[in-house]
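Computed over heavy atoms, backbone and side chain alike; hydrogens, waters and symmetry mates excluded.
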Amino acid sequence: MAAICVFCASSRTLDQRWLDLATVTGGELARRGHTLVSGGGCVGMMGAVADGARAAGGHTLGIIPQALVDLEVADLHADELVITDGMASRKTAMIDKSDAFLTLPGGLGTLDELFEVWTMATLSMHHKPVVLLDQDGFYSGLVDWLNGLAPGSFARKPAMDLLVVVNSVPAALDAIEARLG
């Protein structure tokens, strides 16, 4: 079916519920026949989503810069592991190899990835679905702030509509599949 890029946290010190969310996401993605595209790490939610996908029989493609391979955080169990020369080329490869983007809870790197693919969509540089999973209100403050951009003329309503915000894994994958279908 589709190659779905999942952006999420790579922290080693997360609450178990976030790791469980990532595992469930990977499993559901695989059960629906999709390929997981990830940042190629084996730690935090990034590692959990890949493990969840593989445990459910899914195919995983990890894309990681050499500097992170050198830190021994590469997902060496990935079905395919692409090693890039830096973070920018990693992000470019992830975008190029994906049909859709799903953002789970994460920090600065996750937000960087989300905003880049969303901005590219608003500029018609791609027409791939961009979905934000606001599990347990993780992103509620951000979503509230984003909802104020269009009324203040900082963003156009059509651009805002390109980001789909959902609150469950099934809803996230349903949204992606509906937009791809």
State whether the side chain of [X] and the backbone N or O of [Y] hold a donor-acceptor pair below 3.5 Å, judged by distance alone.
X: R12; Y: V43; result: no
X: D75; Y: H77; result: yes
X: D112; Y: L108; result: no
X: K97; Y: V37; result: no
X: T122; Y: T119; result: yes
X: K128; Y: I95; result: yes
X: W118; Y: A159; result: yes
X: D79; Y: L61; result: no
X: D134; Y: N167; result: no
X: H126; Y: V117; result: yes

Gap between atom [atom2] of [Y] and atom [atom1] of [X] - 0.5 Å precision:
X: E113; Y: M87; atom1: CD; atom2: CE; answer: 6.5 Å
X: L21; Y: S168; atom1: CG; atom2: OG; answer: 10.0 Å
X: L173; Y: I4; atom1: CG; atom2: CD1; answer: 5.5 Å
X: D20; Y: M45; atom1: CG; atom2: CE; answer: 10.0 Å
X: T103; Y: F115; atom1: OG1; atom2: CZ; answer: 9.5 Å
X: K157; Y: L162; atom1: NZ; atom2: CG; answer: 10.0 Å

Answer with yes or no whether the hydrophobic clustering places [X] together with [Y]; edges join I, L, V, M, F, W, Y residues whose side-chain heavy atoms lie under 4.5 Å apart.
X: M120; Y: L132; result: yes
X: F138; Y: M46; result: no
X: V49; Y: V82; result: yes
X: M125; Y: V164; result: yes

Heavy atoms only: give me the nearest [X]-[Y] pair and the separation to one decimal.
X: G57; Y: A30; value: C-CB, 4.5 Å
X: G44; Y: L19; value: C-CD2, 3.5 Å
X: M94; Y: S98; value: O-OG, 2.6 Å
X: A74; Y: I64; value: CA-CD1, 3.7 Å
X: L29; Y: L36; value: CD2-N, 3.7 Å
X: L104; Y: C8; value: CB-CB, 3.7 Å

Below 4.5 Å, heavy atoms only, C-beta onward: do [X] and [Y] meet side chain to side chain?
X: Y139; Y: L146; answer: no
X: C42; Y: L76; answer: no
X: Q66; Y: V69; answer: yes
X: R32; Y: P170; answer: yes
X: L142; Y: L111; answer: yes
X: R90; Y: L68; answer: yes
X: L163; Y: L114; answer: yes

Stepwise side-chain contact (heavy atoms from CB on, under 4.5 Å) test for D51 and R54: CA-CA 5 Å; D51 289 343; R54 282 190 292 273; 3.0 Å; yes

side-chain contact (heavy atoms from CB on, under 4.5 Å) partner of V165, chosen from V143, L133, V131: V143

Neighbour count above 12 (heavy atom, 6.0 Å) for Q16 CD: yes

Donor-acceptor pair between E28 and H34 side chains, under 3.5 angstrom: no

